[in-house]
Each structure stands twice: as C-alpha cells, then as structure tokens.
Amino acid sequence: MRIVTWNINSLRLRLPLLAELDRQLRPDVICLQETKVPDPLFPHEALKELGYPHQVRRGMKGYNGVAILARQALEPVLDTPDWCEKGDCRHAAARIEGEDGPVEIHNFYVPAGGDIPDEDENPKYAHKLAFVDQVTAWFETHHLARTVIVGDLNIAPLENDVWSHKQLLKVVSHTPPETTRLNAWLNTGFVDAMRHFIPSDEKLYTWWSYRNRDWSASNRGRRLDHVWITPDLVASLHGMQVIRETRDWASPSDHVPVMINLGA
DNA sequence: ATGGTGGGGGTCCCA
C-alpha cells in the first residue's frame with residue numbers, strides 16, 4: 001500500500017498536479033494538507049474520476065483543510081479532539097484495510113506559528129506549541145497499533161532537517177521549544193519512517209520557500225513534512241520517496257510529496 | 001539587515 005502525504009496549498013488550483021502525481025506514482029492513499037476548500041465545494045467528483053472515490057475531508061473557507069483520499073474503503077475516525085477548541089480543520093483520521101490487517105491513518109496540519117518565536121509576543125507561536133502539547137498528551141493516553149501519522153507538522157526536528165541548523169535556531173520551525181515538542185510527540189510510540197531510510201547525518205528536505213529565486217540552486221530547504229509509523233508496521237515498511245521533482249512543476253506547491261510503501 | 005513569493009477572498013488575511 002502506497003501512502004502519499006502532500007501539503008498541496010490549494011487543492012482546487014492544483015488538481016492537475018494531483019492527477020500527474022497519480023499518473024506517476026499510483027498511490028493507494030493520498031493525504032493532503034492546506035486544501036483551502038470548504039466541504040461543500042470539495043471536488044468530490046473530480047477526485048472520484050481520478051480513482052479516489054473514498055474521501056474523508058475537513059475543510060473550511062480560505063485556510064487550512066485536510067483530506068484523505070483512497071482507492072479502497074475508508075472508515076472515518078470521527079471522535080478526534082477539536083485541538084485548542086478552534087474548529088480549524090487540521091486533523092483527519094481514517095482506517096483502511098491493509099494487506100495484512102487494518103491501518104489507522106492520522107493526517108495533520110500543524111499551525112505554522114507565525115514569525116516571532118516568542119509565546120508572549122506571538123499568539124500563533126503559542127498556539128503552535130499548545131497544539132503539539134495537546135496532541136502529544138492525546139497520543140500518550142491512546143496507545144495505538146498499526147498506526148501511521150503523516151502531514152505537514154511545520155517543524156524540522158533534526159539538525160540536517162534544515163539547510164543551516166545554526167542560522168535557523170531562532171527561526172520558527174526549528175526552535176528548541178518546537179523540536180523538543182516534536183520529539184516528545186514522536187516518542188509517544190512512533191518511528192520516523194523517513195529517517196528509517198535516510199541517516200540523520202544527511203540533509204533531507206520537503207519544503208523550499210517560494211521566496212527563493214532558484215530554489216534548487218540555493219537549496220535552503222526544511223523537512224516540515226513527516227511520516228511516522230508504529231513499531232508494529234516497521235517490518236512492512238518497504239520504501240520511502242521524497243518526490244522532489246514536483247517542486248519544478250508549473251505553479252507548484254512549496255511542499256513536495258512524500259510516499260511510503262507498506263507491503264505485506 | 002532586508003525582503004523576497006504564493007493562495008484565498010475580497011481591498012488583507014495566512015503561509
């Protein structure tokens with residue numbers, strides 16, 4: 001089972017890119033973040049025609065929005081908390097039948113956190129830290145089996161998850177309060193499926209700012225997108241790809257997709 | 001040290 005995660009930065013604008021991704025990779029499950037489409041306007045039919053009739057989505061007007069698309073049946077997990085009681089469409093979860101048993105998929109879009117890394121000065125940063133704290137506490141008390149967490153977690157936890165550790169220590173996405181919290185969340189019972197394949201002394205990015213004239217040449221990337229799995233799925237983890245080429249497609253997202261293969 | 005570029009929905013928010 002091939003599972004893709006992608007911050008698509010507007011689903012409706014980038015439907016053609018999603019079709020191209022589907023053509024090239026043939027995923028079984030696609031988890032999207034920043035769909036930016038309210039549920040009544042969700043492109044249900046277009047995605048069905050693309051081969052994904054099973055859809056779990058949580059969208060709102062203008063911002064945020066997550067979706068899980070699948071070729072096979074999805075059972076939505078509906079009793080997830082409303083993090084920070086904001087009702088802001090940052091988490092969707094569903095169960096799907098895998099080759100050797102059911103898999104539970106949690107798709108997250110963690111708040112970006114604004115520019116100033118100070119909880120008192122910047123409520124967005126405070127919200128980001130509180131969000132991760134709440135999610136961590138929830139996973140500590142819900143010990144899940146055969147579970148995958150994917151999404152734009154908006155934190156690059158390791159030194160080689162950013163182009164310059166030293167220069168980004170005070171930049172939101174790589175500050176110690178954030179990286180410490182992301183590690184605490186991971187350590188509630190998950191394995192970093194990307195770093196399972198790429199050692200932590202190698203640079204690994206999934207996001208390059210729109211503000212770099214030549215993103216590939218400057219290569220000032222960050223690993224903001226993640227795939228985590230519970231240890232009981234490690235034996236069936238057969239591959240991981242960062243689909244870096246999509247960053248050069250016409251009108252790209254600033255994030256690139258990540259795909260894992262969970263075999264039997 | 002600064003500003004650089006996108007998407008959404010409307011004349012400014014968010015990333």
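Proteins get letters first, then strands, A, B, ... in listed order; numbering begins at 1 in each.
- Straight-line distance from the CD atom of A:E34 to the P atom of B:dC14: 13 Å, rounded to whole Å.
- Here the P atom of nucleotide B:dG6 and the CH2 atom of A:W215 are 14 Å apart, to the nearest Å.
- One finds a salt bridge joining A:D22 and A:R26 here, because a Lys/Arg side-chain nitrogen approaches an Asp/Glu carboxylate oxygen to under 4.0 Å.
- Backbone-only engagement by A:R14 is indicated by non-hydrogen atom pairs under 4.0 Å involving sugar-phosphate atoms exclusively.
- In this structure, A:L41 and A:S209 both approach DNA chain B, and ranking their closest nucleotides by distance from the 5' end singles out A:S209.
- Nucleotides B:dA1 and B:dC12 place their P atoms 31 Å apart, quoted to the nearest Å.
- Phosphate proximity of B:dA15 to A:K124: present, with a side-chain N or O under 4.0 Å from OP1 or OP2.
- What separates CZ of A:R222 from C1' of B:dA15 is a distance of 11 Å, to the nearest Å.
- Comparing B:dG7 with B:dT11, their C1' atoms are spaced 16 Å from each other, to the whole Å.
- A side chain to side chain donor-acceptor pair (under 3.5 Å) with A:D161 holds for exactly one of A:R195, A:R222, A:H174; it is A:R195.
- Note on ring orientation: taking the six-membered ring where Trp is involved, the planes of A:W138 and A:W83 are perpendicular (angle over 60°, cut-offs 30° and 60°).
- Whole-Å rounding puts the A:D248 CG to B:dG6 P distance at 13 Å.
- When the P atom of B:dG7 is taken as reference, atom CD1 of A:I8 falls 12 Å away, rounded to whole Å.
- Between the C1' atoms of B:dA15 and B:dG4, the separation comes to 14 Å (whole Å).
- Residues A:D133 and A:R181 are paired through a salt bridge, judged by an N-O separation under 4.0 Å between the basic side chain and the carboxylate.
- With B:dG8, B:dT5, B:dC14 as the candidates, the nucleotide lying closest to the side chain of A:Y63 is B:dC14.
- Just one residue in the list A:H44, A:Q72, A:R71 forms a side chain to side chain donor-acceptor pair (under 3.5 Å) with A:Y52, and that residue is A:R71.
- Using a 4.0 Å cut-off, no side-chain N or O of A:K61 falls inside it from OP1 or OP2 of B:dG8.
- Atom name C1', nucleotides B:dC14 and B:dG9: the rounded distance is 11 Å, in whole Å.
- One atom, CE of A:M60, and another, C1' of B:dA15, lie 14 Å apart when rounded to the nearest Å.
- Here B:dG6 presents its C1' atom at 19 Å from CH2 of A:W249, a figure rounded to the nearest Å.
- Residue A:S251 has a polar side-chain atom (N or O) positioned under 4.0 Å from OP1 or OP2 of B:dG7.
- An OP1 or OP2 oxygen of B:dG8 is reached within less than 4.0 angstrom by no side-chain nitrogen or oxygen of A:R12.
- Regarding A:N212, its CG atom lies at a distance of 11 Å from the P atom of B:dG6, rounded to whole Å.
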